[in-house]
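Have a look at the structure below before the remarks.
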Amino acid sequence: MSEALQGTPAADGFRMPGEFEPHEATWMLWPVRGDTWRDGAGPVQEAFCEVAGAIAAAEPVRMGVPPGQIERATAMLPPAVEVVEMESDDAWMRDVGPSIVVGEGTRRGVDWRFNAWGGELGGLYDNWEKDEEVARQVLEFEGMDRYRAPLILEGGSIHVDGEGTCITTEECLLNPNRNPELDREQIERHLQDYLGVSKVIWLGLGVVEDETDGHVDDVVFFARPGVVGLQWCEDESDPQHARSVDALERLRAARDAKGRELEVVLLPNPGPLYMTEQEAAGIEPAPGTLPRPAGERLAGSYANCYLANGRVIAPMLDERTDDEALSVLAELFPEREVVPVPGREILLGGGNVHCITQQVPAG
């Protein structure tokens, strides 16, 4: 195992770029778990292939694949996608992969601690040893030095603007199932040290029934410095409405690290969406893993899109709201091509396009 660096990224002059900044590549992980994905993960593998292909048209894609699935993944994936042998416990590269930071002429990676979204207090599965090794393996493949952060944190719980601002949620980062020994001020200090930020904007709750305890990437994202897209629920009878109102009020009251007010662009709320009987029947329950019953509300969000080079990869979730979401994204990103991809199968496992990707910023 490669030795971790001493010190912190901020002290060494490094920062995490915004996702909208240029990428060298994107990393993903191949889905296989029958207790997360239905029908032996076949349908979601097809969806991952569409996402990978949409990104690969704009930048290189590297797919971490366990040894027993190399042949299948190679046959299914577009030829442009590089298959890299890699073990993992599931396929959420955003949450188990490294956050890559840039400094003067070089890049390094932050390897966060991981406990499967809550460990013994609500974690999604009871063994995450392989996931804990993913960030290190990615950084070794990329030839980048590694910081080992002292914080349990998933990449989906943070968004940065590359200019000193981080957005997160209290529901996730202050949850006692992550870092119970740390208070808000101590967690902020770790974010500043390991992301190179100076300002943390705290939202309250994430999306209703989000099994990640309120990841911010289902709520809001930076389109560019000073501009964010926010999931917005109009229906006052939906419990998501109050959460959206609270998030909007906090964002409008906030100032970023440069002292700017934030421009907030509203994205429609899909659904509400629910797991069907047929979908639930295809999932194989297993001891020590989160059950996925029929009728369960799914945490669908168009904010869970991914910004590749020159493209927005947008999950399609609800035919009643998909077109509006695409229109809003097109107005928000006039310089990018908005590319719709199927989001339903990925959503059944608890996340979406942003959750299954992790960018390697350009050097």
| request: Step by step, work out the side-chain contact (heavy atoms from CB on, under 4.5 Å) result for Q358 and V96. | output: CA-CA 9 Å; Q358 180 63 268; V96 301; over 6 Å; no
| request: Without swapping roles, check the side chain of R336 against the backbone of A308 for a donor-acceptor pair under 3.5 Å. | output: yes
| request: Answer whether the closest heavy-atom distance between the side chains of E234 and N269 falls below 4.5 Å. | output: no
| query | Got M144 and V360 here, is their nearest side-chain heavy-atom distance under 4.5 Å? | reply | yes
| query | More than 12 non-hydrogen atoms from neighbouring residues, nucleotides or ligands closer than 6.0 Å to CD on E335, yes or no? | reply | yes
Can you give the donor-acceptor pairs under 3.5 Å from side chains of residues 195-205 to other protein atoms, not counting sequence neighbours?
residue: K199; atom: NZ; partner: R255; partner atom: O; Å: 2.4
residue: W202; atom: NE1; partner: E188; partner atom: OE2; Å: 2.7

| message | Do N179 and H190 have side chains that approach each other closer than 4.5 Å (heavy atoms only, starting at C-beta)? | response | no
| field | Transitive ILVMFWY side-chain link V339 to V353, under 4.5 Å | value | yes
| message | Would you compute the distance between atom SG of C166 and atom CG of L191 and round it to the nearest 0.5 angstrom? | response | 5.0 Å
| If we ignore angles and hydrogens, is there a donor and acceptor under 3.5 Å between the side chains of D12 and Y147? | yes
| message | Going by the rule salt bridge (charged side-chain N to carboxylate O under 4.0 Å, His left out), which residues pair with K130 if we only count those two or more places apart in sequence or in a different chain? | response | E87
| Given the rule in the side-chain contact (heavy atoms from CB on, under 4.5 Å) test, do E284 and R33 qualify, once you have shown the distances and angles that lead to the verdict? | CA-CA 9 Å; E284 304 163 15; R33 289 183 76 113; over 6 Å; no
| task | Following the transitive rule for hydrophobic clusters with a side-chain heavy-atom cut-off under 4.5 Å over Ile, Leu, Val, Met, Phe, Trp and Tyr, establish whether L124 and L298 coincide in one cluster. | result | no
| query | In terms of side-chain heavy atoms, does D90 have a donor or acceptor partner in W37 at a distance below 3.5 Å? | reply | yes
| Would you say Q186's side chain and D183's backbone share a donor-acceptor pair under 3.5 angstrom? | yes
| request: Mind listing the closest non-hydrogen atom pair of L317 and P270 along with its distance? | output: CD1-CG, 4.0 Å
| said: Please give me the minimum heavy-atom distance between Q45 and W30, naming the atom from each residue. | reply: NE2-NE1, 3.3 Å
| Does the pair R224/E263 count as a salt bridge with the N-to-O cut at 4.0 Å? | no
| message | So which atom in M16 and which in V160 form the shortest heavy-atom distance, rounded to 0.1 Å? | response | O-CG2, 3.6 Å
| Between R136 and E133, is there a side-chain N and carboxylate O pair less than 4.0 Å apart? | yes
| task | For residues L348 and V44, determine if any side-chain heavy atom of one lies less than 4.5 Å from a side-chain heavy atom of the other. | result | no
| query | Can T26 and Y306 be counted as having a side-chain donor-acceptor contact under 3.5 angstrom? | reply | yes
| Salt bridge present between E170 and R184 (N-O < 4.0 angstrom) | yes
| With a 4.5 Å limit on heavy-atom distance, are the side chains of V219 and V207 in contact? | yes
| Interatomic spacing from OG1 in T321 to CG in L326 - rounded to 0.5 Å | 9.5 Å
| query | Just how far is it from atom OG1 of T36 to atom CZ of R292, taken to the nearest 0.5 Å? | reply | 5.0 Å
| query | If you measure from the Lys or Arg side-chain nitrogens to the Asp or Glu carboxylate oxygens, is any gap between E142 and R107 under 4.0 Å? | reply | no
| request: Would you give the length of the straight line joining atom CD1 of I187 to atom CD of E185, rounded to the nearest 0.5 angstrom? | output: 11.0 Å
| task | Give me the ring orientation class for F114 and W117: parallel if the planes are under 30° apart, tilted from 30 to 60°, perpendicular past 60°. | result | perpendicular
| Polar side-chain atom of E19 near backbone of L307 as donor-acceptor pair, under 3.5 Å | yes
| query | Can you tell me if E21 uses its side chain to pair, donor with acceptor, with the backbone of G18 under 3.5 Å? | reply | yes
| said: Show, in sequence, the C-alpha distance, side-chain angles and deciding distance for R148 and E132, and conclude whether the salt bridge (charged side-chain N to carboxylate O under 4.0 Å, His left out) test is met. | reply: CA-CA 11 Å; R148 179 63 165 158; E132 267 275 68; 3.2 Å; yes
| message | With a 3.5 Å distance limit and no angle check, can you tell me whether T289 reaches the backbone of D35 through a side-chain donor-acceptor pair? | response | no
| Passes side-chain contact (heavy atoms from CB on, under 4.5 Å), R311 versus E337? Steps please. | CA-CA 5 Å; R311 294 191 135 193; E337 179 185 6; 3.1 Å; yes
| With the threshold set at 4.0 Å, does a side-chain nitrogen-carboxylate oxygen contact exist between E345 and R38? | yes
| message | Within the structure provided, determine whether V216 and S157 are in side-chain contact (heavy-atom separation under 4.5 Å). | response | no
| To the nearest 0.5 Å, what is the distance between CD1 (I55) and CD1 (I356)? | 7.0 Å
| message | If hydrophobic clusters are built from ILVMFWY residues whose side chains come within less than 4.5 Å, do L329 and W232 share one? | response | yes
| message | Looking at M316, is its backbone amide N or carbonyl O close enough to the side chain of D322 to form a donor-acceptor pair, meaning the two atoms are under 3.5 Å apart? | response | no
| R113 side-chain N/O to L153 backbone N/O, donor-acceptor pair under 3.5 Å | no
| request: Keeping the roles fixed (side chain from E279, backbone from T276), state whether a donor-acceptor pair exists under 3.5 Å. | output: yes
| request: Decide yes or no for C305 and P315: does some side-chain heavy atom of the first lie under 4.5 Å from some side-chain heavy atom of the second? | output: yes
| request: Would you mind checking if K258 and D161 are paired as a salt bridge, meaning a charged N to carboxylate O distance below 4.0 Å? | output: no
| Side chain of Q359, backbone of H23: donor and acceptor closer than 3.5 Å? | no
| query | What heavy-atom pair brings G300 and Q231 nearest, and what distance separates the two atoms? | reply | O-OE1, 3.5 Å
| query | Could you give the distance from CG (L121) to CG (N177), rounded to the nearest 0.5 Å? | reply | 6.0 Å
| field | Min side-chain heavy-atom separation L248-L266 under 4.5 Å | value | yes
| So which heavy atom on L29 is nearest to which on F48, and how close? | O-CE2, 3.1 Å
| said: Could you check whether any side-chain N or O of N352 sits under 3.5 Å from a backbone N or O of G343, counting only pairs where one atom can act as donor and the other as acceptor? | reply: yes
| task | Establish whether V32 and L77 are linked, either directly or via other cluster members, by ILVMFWY side-chain heavy-atom contacts under 4.5 Å. | result | yes
| query | Going by atom types only, do E154 and W92 share a side-chain donor-acceptor pair under 3.5 Å? | reply | no
| message | Going by the rule side chain to side chain contact (heavy atoms under 4.5 Å, CB included), which residues pair with A325 if we only count those two or more places apart in sequence or in a different chain? | response | P268, Y302
| message | Taking side chain to side chain contact (heavy atoms under 4.5 Å, CB included) as the criterion, tell me which of L251, D217, D256 meets it with I167. | response | L251
| task | Report whether F141 and L5 are members of the same hydrophobic cluster (ILVMFWY, side-chain heavy atoms less than 4.5 Å apart, transitive linking). | result | no
| Do other residues, nucleotides or ligands put more than 12 heavy atoms under 6.0 Å from the CZ atom of R297? | yes
| Worked verdict on I283 versus M275 for side-chain contact (heavy atoms from CB on, under 4.5 Å) | CA-CA 11 Å; I283 296 170; M275 177 90 70; 3.9 Å; yes
| field | Atom of P17, atom of I100 and distance for their closest heavy-atom approach | value | CD-O, 3.5 Å
| query | Any ion pair linking D218 and R243 (charged N to carboxylate O, less than 4.0 Å)? | reply | no
